[in-house]
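Data block below; observations after.
In what follows, every heavy atom counts, from backbone to side chain, and hydrogens, waters and symmetry copies are set aside.
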Amino acid sequence: MLYSLREIETFDKSLVIPPEYVTWLDSNLKFHFLDETGDALNAIENSKYNIIISNTQKIILKKQHKQKSASQELFADDSKTYKAKSLNKDYEDLYGFDIDTDADLLTNQRFAKLTRLKQLGIYVDEAHHVFGNALAQDFGLKKSATSLRVTINELAENLKEAGTSVVGCYNYTGTPYVGSRLLPEVVYAYGLRDAINNQYLKKVDIQGFVNIKDKTLAFVRLVVNEFWQKYNDKTFEGMLPKLAFFGSTIDEVQSELRPALEQVLSELNIPSSKILVNVGDSSITTNDDLREFKNLDSQASEKQFIILVNKGKEGWNCRSLFGVALHREPKSKVFVLQATMRCLRAIEPMQQTGMVFLSDENIKILDAELQENFRMSVDDLKKSGVDKQQIEVKIVPPPVKIRFKKVRKLHQLKEKVISEEIVFDFDKVDFDKYKIIGSHRNIHDISKKISKDKDFSEYKEKREFSVFTLTAEIARYLQFNPIEIKSILSNSAEGLEEIVSKVNEFNELLYDWIIPKLFNELFELESFEKTEEVEVELVKEPKDKDFYSINARVDLLATMDDPKYVSFKEKSFHLDHYCFDSKPENHLFWTLLNDDKIKKVWFTGMLTHGQSEFVINYIDPISNTVRSYYPDFLVQLVDGSYTIIEVKGDNMIDDEVVKAKADYAHQLAVASNMNYLMLKGSDVLNGAGLN
């Protein structure tokens, strides 16, 4: 649904980018939201920073299916006929498919405008459609291009001719599988099970009913009573919870589903004004109804029972939808999966539960679709997230405060004055590492060469630099005046011409040797370090209530009132509940409690969203951004010293992010006369502790 993409325009950018960039983006980004079929794209040619949101139907190039008459040929508007550039035998499709589409296509205003914008980035939502209607056929039996794929290829060809390019085509889909295979170019996937377990989606409660598909009134009565019993008089973020019924046909809605719903609501004294019908027929669904449908996810909406036909199955981002119901078997199998997923959008800080009501026939379809698209069953879906419960965690007075030292570092780049010519010392460069060397090998002994090494470097793709382009490239990297760069290179021991010659022979030399050499000659990096002692609270006071809500595994809870832990109250529990994420954490806690060398044990790894001041800042090596790390345990020994302990799964010990956390935690610990210890989960389960 196109309207779900409008959130791109209204999204709070400060959540994902530094606040200082938000004002600039708000001032420069130009949004074009083309929701109506007749809307023209009014982006200025060659303009920058346009974000265009549109459905594909008004952009894609289409075949001319109807044969033109002689008069139509004579008076035809040739401006609407487009000669394809990519549909020839020599062109390689973006996804490697053969193209058999006719070369004569019908163009449109939006497509023409897009070809006149620079450096276009294309984002395709519900991208499984880009591979055609019969997805399985696209993997072998059928290799014809869909209109959308052809359009993307044509945009790339037109922009290439104009001296610019499609800088990227990013495909997004919730169903990346076709049978047992991933769609082409899937570079990242986040499974449905993980999304629920990690609380990015609602949990799901699925109910199946046998012998119900022909009993509409009974089905509606069951569903509405279950839904109303759970959600009556409740609001979520100020919005009323909604329940959606998916009908098979408009006739079914008018003759069966709507009358049944009105009768059941009357039985429960619920006004029928809470019903909204959206079936795509203007005689039934008015403009006011469409407006209400677009505003369902708002505090002003009073509608709670939604009847749909072929609406909202894709891209319907209604977070206040808490239930879906479907009792008739639809023509499309994937429709059951799409309809089911609609009610799982997350709402509220704490994980909620969506309700799904299906006939037994649709349960079987859902199970097959889950297996095909997510490698999970209906039982797996039901179990996702259900082992966690919402726990109210309270601070145990008095609040625990710890003193430790923070190390603040400042790096300042200062420009140096060059007093003498620069020597690049090309004779010290190992040029062999830039050469492509090949030789024949013996099949019986791969390590043994049966021919001399041969240099194949001529096959490398090389960029040919001139004096000006080389100077510009170096100036761009160093953010330095290009005129001064040219002067420095000219006055070097090797001279500008030799430098250009060497770089053209080995492009890698520019980035591996010349630019680093110039950086060290032009700049000096000064580092300042300041250590200060601070006092931090292990837990901050909650702002709006006297507890924190935590979704926790019940089998891994430790409570101070549990008879098992009563005798250890004085040794631990700055919170009345400790919510462990793993068995090794839980096991280590018990081990530490029973260690006579330890005076205090605090579990600090459960409040990771700013509720604790006991946080270690580190630089993420992947994103190169400053992030926050909350260690698992803080332990005070009987001699007064402290040890910070982290428990990690065996497979994560060598992860680069984990290593970065450990490095910064070790620095803080050393500065504060503490120890830092990282333990493998398997070692903990085998009895490892501080020893």
Side-chain angles (χ1 to χ4, degrees), residues 1-5 7 124-129 135 171-178 182-183 186 188-208 223 227 231 236 239 241-248 278 293 296-297 306-348 351-359 361-386:
M1 177 168 290
L2 189 62
Y3 277 91
S4 64
L5 297 177
E7 290 185 9
V124 182
D125 195 22
E126 304 295 351
H128 45 276
H129 295 306
L135 290 180
N171 299 314
Y172 298 86
T173 176
T175 52
Y177 284 95
V178 177
L182 277 171
L183 292 175
V186 172
Y188 181 79
Y190 196 82
L192 180 62
R193 181 188 287 106
D194 289 334
I196 294 175
N197 287 338
N198 294 327
Q199 303 175 36
Y200 293 114
L201 295 175
K202 296 185 183 85
K203 293 184 288 186
V204 60
D205 176 18
I206 301 176
Q207 296 190 46
V223 170
F227 178 82
Y231 292 117
F236 299 86
M239 295 182 286
K242 280 83 177 175
L243 171 66
F245 287 91
F246 287 90
S248 301
N278 186 1
F293 184 72
L296 277 174
D297 220 26
I306 323 302
I307 300 178
L308 304 169
V309 175
N310 290 325
K311 297 289 181 181
K313 63 180 186 293
E314 285 186 343
W316 183 27
N317 188 17
C318 185
R319 297 186 305 116
S320 58
L321 185 68
F322 276 77
V324 294
L326 179 64
H327 72 303
R328 295 276 170 81
E329 185 177 337
K331 294 179 181 179
S332 169
K333 305 296 185 184
V334 76
F335 181 90
V336 179
L337 175 64
Q338 293 169 339
T340 301
M341 298 298 104
R342 291 312 97 202
C343 69
L344 298 187
R345 301 295 174 105
I347 191 171
E348 296 270 337
Q351 190 176 34
Q352 304 298 323
T353 301
M355 307 178 75
V356 177
F357 305 92
L358 301 173
S359 63
E361 292 81 3
N362 285 333
I363 286 283
K364 294 175 182 177
I365 293 173
L366 176 61
D367 190 65
E369 290 298 315
L370 286 170
Q371 292 283 3
E372 181 171 336
N373 290 287
F374 297 107
R375 301 296 179 270
M376 62 188 300
S377 65
V378 170
D379 286 339
D380 293 332
L381 184 60
K382 288 180 180 180
K383 294 175 182 177
S384 298
V386 299

Among Leu308, Val309, Leu296, whose side chain to side chain contact (heavy atoms under 4.5 Å, CB included) with Asn278 holds? Leu308
For Cys343, does its backbone N or O pair with a side-chain atom of Lys202 as donor and acceptor, under 3.5 Å? yes
Non-hydrogen side-chain atoms of Phe245 and Val223 separated by less than 4.5 Å: yes
Rounded to the nearest 0.5 Å, the CD atom of Glu329 sits from the CG atom of Asn362 at a distance of 6.5 Å
Rounded to the nearest 0.5 Å, what's the gap from OG on Ser320 to CZ on Arg345? Could you check? 12.0 Å
Between the side chain of Gln351 and the main-chain N/O of Ile196, is any donor-acceptor distance below 3.5 Å? yes
Is it the case that the ring center of Phe357 lies less than 6.0 angstrom away from the ring center of Phe227? no
So Met239 and Ile347, do their side chains get closer than 4.5 Å, heavy atoms only? yes
Are any side-chain N or O atoms of Lys242 and backbone N or O atoms of Asp297, one a donor and one an acceptor, separated by less than 3.5 Å? no
For the CZ atom on Phe236, are there more than 12 heavy atoms of other groups (residues, nucleotides or ligands in this structure) within a distance under 6.0 Å? yes
Atom CD of Gln207 and atom CG of Asp205: how far apart are they, to the nearest 0.5 Å? 5.0 Å
Could you measure the distance from the CD atom of Gln352 to the CD atom of Gln199? Nearest 0.5 Å is fine. 10.5 Å
Please step through side-chain contact (heavy atoms from CB on, under 4.5 Å) for the pair Leu201 and Leu192, ending with a clear verdict. CA-CA 9 Å; Leu201 295 175; Leu192 180 62; 3.6 Å; yes
Just how far is it from atom CG of Leu243 to atom CD1 of Ile307, taken to the nearest 0.5 Å? 10.0 Å
From Leu366 CG over to Leu337 CG, what is the distance, rounded to the nearest 0.5 angstrom? 6.5 Å
Residue pair Thr353 / Phe322: nearest heavy atoms and the distance that separates them: O-CD2, 3.6 Å
